[in-house]
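These notes concern the structure reproduced below.
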Amino acid sequence: MDYFLQNFPQQLVNGLELGSLYALIALGYTLIYGILEMLNFAHGDVYMVGAFLAAGVAGLLVHNEVAVVPAGLAVALMMLVAVGGAGLLGVGIERIAYRPLRNANRLAPLITAIGVSLFLESAVQVWVSPAPVLVPSNALVPQTVLHVASVVTPLTGLALFVAAVALMVALDAFVFRTRFGSAMRATAQDREAATFMGIDVDRVILVTFFVASALAGMGGVLFGLRYASVDFFMGYLLGIKAFTAAVIGGIGNIRGAMVGGLLLGVLESLVGGFISSQFQDTFVFLALITVLLIRPQGLFGQPLTDRA
Amino acid sequence: MESVSGPKSVLEIRGLTRRFGGLTAVDRFDVDVNEGEIVSLVGPNGAGKTTVFNLISGVLRPTAGSVRLLGRELVGLPAHRITHQGVARTFQNIRVFPQLTVRENILLGTHHWTRSGMLGSVTFWPSTLRAERAAQAEVHTAIDLFRERLEARLDDPAFSLSYANRRRTEMARALAARPKLLLLDEPAAGMNPYERIEVAGLIRSMRDRGLTIFLIEHHMPLVMEISDRVVVMDHGVKIAEGLPKEVHSNPRVVEAYLGRRAASA
């Protein structure tokens, strides 16, 4: 019991950090599901490509462990390229792979998404690097470690958490408080009626893909800066876990995705810390199955179109 | 063709045809709706009335023919562009956005004329704020027509409304679009006699606000009461057109209705 009490705060903080990453990716899953009722299984790989873009920019700007431009500028450029690049990749995927299937059987876009996922993984593996690529994060961000009582966390971990929460709040405001957001919600509820409001539904869907994918790109940058290494397979399991988080929170619901992500991260961390790290994934997917059996609509149980 | 001094034509449909496989749902249909007029489109079920509306509003592409709004061709434009040209419509089976509030629904009606774009919507430029104020003001102008019926419900989600209030919301939303042509698809469907009287009054006050209205309606007394002209369709073809009382006594019209009724009895 003493062991538990001593270690619980640390595991909780570790879990929130991991969960922030799940949440960032889950937001994109939920946003796209909310508008198209489609599971974009390539989403985790968009995150991976974002991470590689950031790593690429970092590689260009850092020589021998020293940034050739001010570190802040280098990080800003990494974000710009990764966020913009991932956003455009999402838009391209929608335009090329999903839009032609928009009125097809629901299984068709799902299988296509899995295909896009495999394509992106293989493309990066073959054309970029089959081995992990290092991100010189120690030259870019302060490697400060924060100590609060017995809890220890790197500054980058805290940044990940703050960024995820801030982006969730911004996204929520964008969807619920702006004119474009109401066009998105209208499109989600009745695509045809939305066109009669003068809404260009194709454009709304493209913007949704851009925003969702840009968030994934941001996740990729933050991951690279925190863990200093990226690889072509990093989006696979993370994508599935983010999907799990979105389902736990109630897929289609923005706040649900955030809460689901954090809960899942904490669960995984607690299992790793107190049971066995070998069982982490078992518990994650056990949580998914439990939610699906007991509350299939998820904790928040309402679509994107509802206020949580 | 109208003479130069004649009434201004808002909607001008010529030779409108739509085939679905071997079935001709709408066959060389012509109609004119002039500025400030209320024109009703009537006919038995399956006559092709809603298909005509779908062709005007861009849900369907015609096989042949033309649809002009104030002289501009609409055929070939995507539905959302047709809204921008000035066509608004309501639906037989009500298409309000159930999870949005009444206010948000009506604001969407203003969407096409207050567009501030993607960037505009996330900034606080004066033009964005001005557009937002104009849109909010339009909500109140639109619900004014319904007196207090929608006022108290403005911030309730549309799914929580009564059937009649959902219809009112849909109409208010169409009004907020400031359309040049308003298409009403069975505005009195499912309404009780009192509500029908209210609908008749509403449609007249919309016209008095300067709107041009083309409507589909099954309830004959309502049609007779409010229409300036009536167009009758059967099997995709226009079989009669004229003043309400002329059409009412037209033998072809009587036959179209009674024949259909006898067959289904």
Side-chain angles (χ1 to χ4, degrees), chain A residues 34-35 37 84 87 91 99 102-103 166-167 169-212 214 250 252-254 297 300-308, chain B residues 53-54 56-60 77-91 93-101 103-124 128 131-132 135-136 155 157-159 170 173-174 176-179 183:
Chain A
I35 207 145
E37 296 201 353
V91 164
R99 192 183 297 181
R102 202 175 291 161
N103 297 314
L167 287 170
V169 171
L171 183 66
D172 194 73
F174 178 65
V175 171
F176 289 107
R177 301 259 177 275
T178 69
R179 185 156 283 274
F180 196 89
S182 72
M184 281 172 74
R185 286 182 293 145
T187 303
Q189 287 175 38
D190 185 340
R191 213 180 294 163
E192 190 180 276
T195 66
F196 294 120
M197 304 297 113
I199 294 169
D200 184 346
V201 166
D202 285 339
R203 190 164 153 273
V204 168
I205 292 171
L206 276 186
V207 170
T208 304
F209 267 83
F210 185 89
V211 171
N253 183 298
I254 290 172
Q297 75 274 35
F300 285 75
Q302 283 158 338
L304 165 83
T305 50
D306 267 15
R307 284 159 199 279
Chain B
F53 271 27
N54 287 342
I56 298 171
S57 56
V59 192
L60 290 173
L77 294 181
H80 73 271
R81 295 300 318 167
I82 291 176
T83 303
H84 286 260
Q85 295 295 321
V87 178
R89 72 175 287 187
T90 65
F91 296 84
N93 49 343
I94 313 184
R95 299 277 284 272
V96 291
F97 300 103
Q99 316 279 1
L100 300 189
T101 64
R103 187 194 305 276
E104 288 172 326
N105 264 285
I106 300 172
L107 279 172
L108 277 169
T110 72
H111 187 89
H112 75 94
W113 57 264
T114 53
R115 269 163 56 95
S116 44
M118 236 303 271
L119 272 183
S121 84
V122 292
T123 53
F124 296 96
T128 308
E132 197 54 42
Q136 293 287 353
D155 294 306
F159 72 77
E170 197 188 31
R173 186 177 73 184
R178 298 181 177 170
L183 305 174

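Proteins get letters first, then strands, A, B, ... in listed order; numbering begins at 1 in each. Here the structure is a predicted model, which is why all the values come from computation and not from measurement.
Remark: B/Arg89 is positioned above the aromatic ring of A/Phe196, its terminal NZ or CZ atom under 6.0 angstrom from the ring centre and at most 45 degrees off the axis.
For B/Ala176, the side chain to side chain contact (heavy atoms under 4.5 Å, CB included) test picks out B/Ile106, B/Thr110, B/Glu138, B/Ala142, with sequence neighbours left out. Looking at residues two or more places apart in sequence or on another chain, you find a side chain to side chain contact (heavy atoms under 4.5 Å, CB included) between A/Leu206 and A/Val91, A/Glu94, A/Arg99.
Residue B/Ala177 does not touch chain A at all, counting heavy-atom pairs closer than 4.5 Å. The contact between B/Leu107 and chain A is made by backbone and side chain atoms together, counting heavy-atom distances below 4.5 Å. With a threshold of 4.5 angstrom between heavy atoms, A/Ala170 does not approach chain B through any atom at all.
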Mind running side chain to side chain contact (heavy atoms under 4.5 Å, CB included) on B/Glu170 and B/Phe91 for me, showing each step along the way? CA-CA 8 Å; B/Glu170 197 188 31; B/Phe91 296 84; 3.2 Å; yes

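Interface remark: of the candidates A/Thr195, A/Val201, A/Val204, A/Thr195 forms the most heavy-atom pairs closer than 4.5 Å to chain B. Chosen from B/Pro157, B/Ala174, B/Pro78, B/Pro98, the residue pairing most often with chain A at heavy-atom distances under 4.5 Å is B/Pro98.
In terms of heavy atoms, B/Thr114 sits closest to B/Ala135 at CG2-CB, 4.1 Å.
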